[in-house]
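For reference, positions follow the sequence shown, starting with 1. In what follows, every heavy atom counts, from backbone to side chain, and hydrogens, waters and symmetry copies are set aside.
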Amino acid sequence: MTTMVASTPPAPRTALRHRLAERGVDRMLLLLLPGALAVIALFLYPFLYGLQLSFQPAKGGALGAYHQFFAEPFSRKSVWATFSLAVPAALVNVGASVPIAYRMRRDFRGKRLLLALLVVPITLGTVLTAEGILEFYGPSGWFNRTLHLLGLADSPVKLTMNYTGVLLSLVISGFPFAYLLTHSYLSGIHPSLEKAASTLGAGWWQRFRHITFPLLMPGLMTTFCLTFVMAFAVFPSAMMVGDPNGKTHVISIEAYESALQRFDYAQGCADAMIMTVLMLAVIGAVTLLRSRLYTGSTGGKG
């Protein structure tokens with residue numbers, strides 16, 4: 001007697017997209033591929049190429065270009081010149097954006113016009129802003145002419161071709177970004193929190209100091225990092241309205257002169273890498289401090 005054994009049919013093969021979904025991989029992630037390729041082509045590859053080139057100087061060994069930078073007093077001073085511009089500019093932009101953004105949360109007459117005026121410098125660009133500063137604050141500009149007509153100054157006030165001109169340019173060009181970021185973070189703080197404190201008798205300063213400002217601090221840290229990066233990479237302003245051979249000889253100018261004037265590409269790349277490390281050190285310190293602040297929900301729409 002023959003025994004018939006029923007064979008179990010093979011389990012149907014799961015579709016690839018379902019297997020990927022089980023591992024947390026969605027096909028929608030493929031939309032990130034163009035952006036990832038752009039980052040690799042426009043940032044990662046040039047950065048790695050410049051990094052390896054910085055270790056290939058004509059003399060001095062692998063670290064010769066880095067040693068050359070710190071051995072030259074004029075090159076070392078560019079570090080201080082860069083920080084002395086970037087840090088104050090970032091602090092001024094962030095500090096000025098807080099009260100303005102705090103006031104702009106409410107609706108009032110002319111709000112749209114004021115908002116347009118605040119963000120206009122974004123459309124100008126660094127070069128056009130520097131040209132405007134030269135024309136307006138220069139020795140023969142409208143500002144000095146007005147002071148002379150009013151009898152407030154016998155000789156022109158020097159606001160260009162020095163530290164003041166570069167700092168003014170960085171503030172003008174960087175403030176709109178700081179304001180927009182600060183305003184977006186303030187929008188994420190629900191107004192009911194302040195209203196609840198108001199019903200308990202807290203004044204506007206107490207509400208801002210104990211409620212709004214602590215919740216806003218993480219956003220201000222991020223805003224500081226972004227505005228600091230913009231100011232730290234200053235180049236056109238330092239060349240056009242500053243003193244590139246003196247107090248505004250920043251690291252970007254040092255790298256430019258090494259690579260494109262002396263044609264020492266290894267030294268230029270080393271200068272750029274030093275600039276990158278210093279920038280990342282500041283961002284890392286601020287990010288570490290930010291992680292110690294409140295990062296929970298603020299109940300807002302931001």
Side-chain angles (χ1 to χ4, degrees), residues 39 43 81-107 111-112 114-126 129-130 163 166-191 193-194 204-205 207-238 250-252 275-302:
V39 170
F43 174 76
T82 308
F83 276 104
S84 66
L85 284 168
V87 174
L91 290 176
V92 169
N93 284 329
V94 174
S97 67
V98 173
I100 297 176
Y102 187 78
R103 180 64 182 87
M104 292 284 285
R105 290 194 306 171
R106 300 181 177 90
D107 292 328
K111 178 179 178 179
R112 293 184 178 180
L114 180 58
L115 177 61
L117 293 176
L118 290 174
V119 300
V120 157
I122 293 179
T123 65
L124 300 180
T126 308
T129 300
Y163 173 89
V166 181
L167 182 62
L168 186 61
S169 175
L170 292 177
V171 170
I172 293 175
S173 59
F175 173 77
F177 294 96
Y179 163 75
L180 292 175
L181 288 171
T182 303
H183 187 269
S184 67
Y185 287 119
L186 274 172
S187 299
I189 302 176
H190 204 284
L193 298 176
E194 290 191 60
W204 75 267
W205 171 246
R207 297 195 302 269
F208 177 80
R209 178 183 177 185
H210 297 290
I211 297 176
T212 305
F213 189 69
L215 295 175
L216 183 61
M217 272 301 294
L220 293 181
M221 293 288 190
T222 303
T223 304
F224 173 84
C225 288
L226 295 176
T227 53
F228 171 80
V229 169
M230 291 177 58
F232 199 81
V234 56
F235 180 78
S237 299
V250 293
I251 305 179
S252 58
M275 181 178 177
T276 302
V277 171
L278 294 174
M279 188 188 306
L280 293 178
V282 174
I283 294 175
V286 176
T287 303
L288 179 61
L289 181 61
R290 183 184 184 276
S291 65
R292 299 176 181 272
L293 302 176
Y294 175 78
T295 56
S297 173
T298 57
K301 59 184 179 180

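With sequence neighbours excluded, no residue satisfies side chain to side chain donor-acceptor pair (under 3.5 Å) with Ser252. Under the side chain to side chain donor-acceptor pair (under 3.5 Å) criterion, Thr182 pairs with Ser97, not counting sequence neighbours. Listed by chain and residue number, Glu194 satisfy the salt bridge (charged side-chain N to carboxylate O under 4.0 Å, His left out) test with Arg105 (two or more places apart in sequence, or in another chain).
The line from CE of Met275 to OG1 of Thr82 is 6.5 Å long, rounded to the nearest 0.5 Å. Going from atom OG1 of Thr222 over to atom CE of Met217 covers 10.0 Å, rounded to the nearest 0.5 Å.
Checked by atom type and distance alone, the side chain of Arg290 pairs as donor or acceptor with a backbone atom of Pro218 at under 3.5 Å. Looking only at distances, no side-chain donor or acceptor of Ser237 sits under 3.5 Å from a matching main-chain atom of Val234. Side chain of Thr129 to backbone of Ser169: no donor-acceptor contact under 3.5 angstrom is found.
The shortest distance between side-chain heavy atoms of Val250 and Phe235 does not fall below 4.5 Å. Residues Phe213 and Tyr102 are not in side-chain contact: their nearest non-hydrogen atoms beyond the backbone lie 4.5 Å or more apart. You'll find the side chain of Pro88 stays beyond 4.5 Å of the side chain of Phe83, heavy atoms only. Here the side chains of Tyr179 and Leu115 are in contact, with some heavy-atom distance below 4.5 Å. Between Leu91 and Val87 the shortest side-chain heavy-atom distance falls below 4.5 Å. Between Leu181 and Thr227, the closest side-chain pair of non-hydrogen atoms is not below 4.5 Å. By the 4.5 Å heavy-atom criterion applied to side chains, Phe208 and Val98 are counted as neighbours. By the 4.5 Å heavy-atom criterion applied to side chains, Pro121 and Pro176 are counted as neighbours.
For the residue pair Ile189 and Thr212, the shortest heavy atom distance occurs at CD1-O, 3.7 Å. Of all heavy-atom pairs spanning Met230 and Gly174, the tightest one is CE-CA, 4.4 Å. Contact detail for Pro99 and Gly95: the closest heavy-atom pair is CD-O, 3.0 Å.
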Practice task
In sequence, state the C-alpha distance, the side-chain angles, and the governing distance for Leu114 and Met104, and then conclude on side chain to side chain contact (heavy atoms under 4.5 Å, CB included).
Solution key: CA-CA 9 Å; Leu114 180 58; Met104 292 284 285; 3.6 Å; yes
Problem - Phe228 vs Val282, side chain to side chain contact (heavy atoms under 4.5 Å, CB included): CA-CA, chis, key distance, verdict - result: CA-CA 9 Å; Phe228 171 80; Val282 174; 3.7 Å; yes
